[in-house]
Amino acid sequence: MRMHWSAWLVLALSVACGGPLQTPVEDDSAESGPLLSDIRQLTFGGQNAEAYWSPDGSKLVFQATRGEASCDQIYVMNADGSEQRMVSTGKGVTTCGYFLPDGESIVYASTHLAGDSCPPRPDRSKGYVWPVHAGYDIFRTDLSGSEPVRLTDADGYDAEATVNWKQGKIVYTSMAAGDLDLWSMDLDGSNKTRLTTAFGYDGGAFYSADGEMLVLRANHPAEGPASATYAELLAENLTAPMKMEIFVGNADGSGMQRLTDFGCASFAPQFTPDGKHIIFSSNKNNCDSREFDLFLIGTDGSGLRQVTEFGGFTSFAEFSPDGSQLVFSSDRDAKSRYEFNIFVADWSGPGAKP
């Protein structure tokens with residue numbers, strides 16, 4: 001979640017950032033037909049989320065709490081849902097698996113060096129908060145899961161890593177400078193560079209296909225009580241997620257602009273295959289609720305359009321490398337209260353394969 005996604009189920013379950021490019025409005029001129037078709041369910045039972053494609057589109061890496069596990073581990077499967085297997089250590093908690101350019105290795109964040117057990121859940125007396133586990137570091141491993149190599153070792157949280165296959169760069173969220181900022185590094189963990197410096201949370205970032213742009217979610221609290229609360233929570237390795245907006249900017253962290261201004265929880269943004277739009281998840285239709293759907297918006301802030309109307313929770317969408325399919329996570333057709341599965345559908349929206 002580039003933060004721990006299952007927290008949403010508990011609810012149900014040196015950059016100066018500019019203002020919004022324009023106030024997002026619904027696009028009445030957009031085609032009225034559905035953008036998704038032939039929806040297929042790939043997982044059945046447990047809590048499965050954040051599925052992301054391999055470079056050739058043949059596999060998916062995802063995180064899941066299933067079986068005897070009491071917190072998330074990293075799995076891979078074929079694109080049709082077959083041959084699901086764990087590739088993380090089975091210790092601690094993990095998040096945010098992503099394929100590297102070779103298609104035979106992945107990066108993910110894990111707390112296993114800080115302890116074998118799942119970390120304690122956050123204190124809900126402080127409100128609805130997410131844990132920012134200080135024990136998280138980012139690791140690289142092959143698809144056997146053997147001998148993970150540690151890529152980060154800064155004090156505090158290092159997680160939410162995604163990769164641009166063309167440029168060979170990893171973007172991630174880190175507490176290395178004392179705040180939740182975006183950083184980048186090479187595939188071997190070298191050349192770590194801080195990308196954002198605005199006070200507040202910057203995370204859940206993804207590159208455009210050409211590696212020139214970044215899209216992310218962020219919460220930059222205003223000076224006063226809001227910023228004081230953010231700092232107090234962060235000192236306890238916590239953050240509050242319910243007021244986040246979508247931002248877009250250059251890959252070096254410059255030129256950041258806010259695309260949304262809903263005052264709700266918007267997150268999990270991704271570029272469409274044509275690079276001209278962003279798909280993201282939001283509860284904008286019912287702020288502070290668990291009703292999240294997918295929305296589409298232009299990179300200039302125009303043409304807001306709702307993509308799904310499933311009810312419940314739908315998020316973590318990513319387009320297949322050829323632009324023909326969309327994978328996403330949802331409690332659609334769930335058989336139990338906390339079941340959360342991975343789906344794939346054909347895409348007919350912007351940038352779709354002819």
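Position 1 is the first residue of the sequence, and the numbers go up from there.
With sequence neighbours excluded, the residues forming a side-chain contact (heavy atoms from CB on, under 4.5 Å) with P119 are V93, T111, H133, listed by chain and number. The ring pair (Phe, Tyr, Trp, His ring centres under 6.0 Å) check on F319 picks up W347, with sequence neighbours excluded. Residues forming a salt bridge (Lys or Arg N to Asp or Glu O under 4.0 Å) with K192 (at least two apart in sequence, or on another chain): none. Legend: residues meeting ring pair (Phe, Tyr, Trp, His ring centres under 6.0 Å) with Y207, ordered by chain and number and at least two apart, are absent. Listed by chain and residue number, nothing satisfies the ring pair (Phe, Tyr, Trp, His ring centres under 6.0 Å) test with Y108 (two or more places apart in sequence, or in another chain). For D179, the side chain to side chain donor-acceptor pair (under 3.5 Å) partners two or more places apart in sequence, or in a different chain, are Y230. F99 is linked by a ring pair (Phe, Tyr, Trp, His ring centres under 6.0 Å) to nothing, counting only residues two or more places apart in sequence or in another chain. In this view, E236 and K126 satisfy the side chain to side chain donor-acceptor pair (under 3.5 Å) rule, not counting sequence neighbours. Remark: S82 pairs with N78, D80 by the side chain to side chain donor-acceptor pair (under 3.5 Å) rule, at least two apart or across chains. Partners of D56 according to the salt bridge (Lys or Arg N to Asp or Glu O under 4.0 Å) rule, which considers only residues two or more places apart in sequence or in another chain, do not exist here. Applying the side-chain contact (heavy atoms from CB on, under 4.5 Å) rule to D274 yields the partners T272, K276, H277, P350; only residues at least two apart in sequence or on another chain are considered.
Its side chain outside the 4.5 Å cluster rule for every partner, F44 clusters with none of the Ile, Leu, Val, Met, Phe, Trp and Tyr residues.
Judged by distance alone, with hydrogens and angles left aside, the side-chain atoms of N164 form a donor-acceptor pair with the main-chain N or O of A209 at under 3.5 Å.
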Would L214 and L195 count as a side-chain contact (heavy atoms from CB on, under 4.5 Å) if you check the C-alpha gap in whole Å, the side-chain angles of each, and the deciding distance to 0.1 Å?
-> CA-CA 10 Å; L214 282 172; L195 303 181; 3.9 Å; yes

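For the residue pair D137 / T152, a side-chain donor-acceptor distance below 3.5 Å is found, with atom types taken as modelled.
Within the 6.0 Å centre-distance limit, the rings of Y52 and F206 are counted as a close aromatic pair. In summary, the aromatic rings of F328 and F313 are positioned with their centroids too far apart to meet the 6.0 Å limit.
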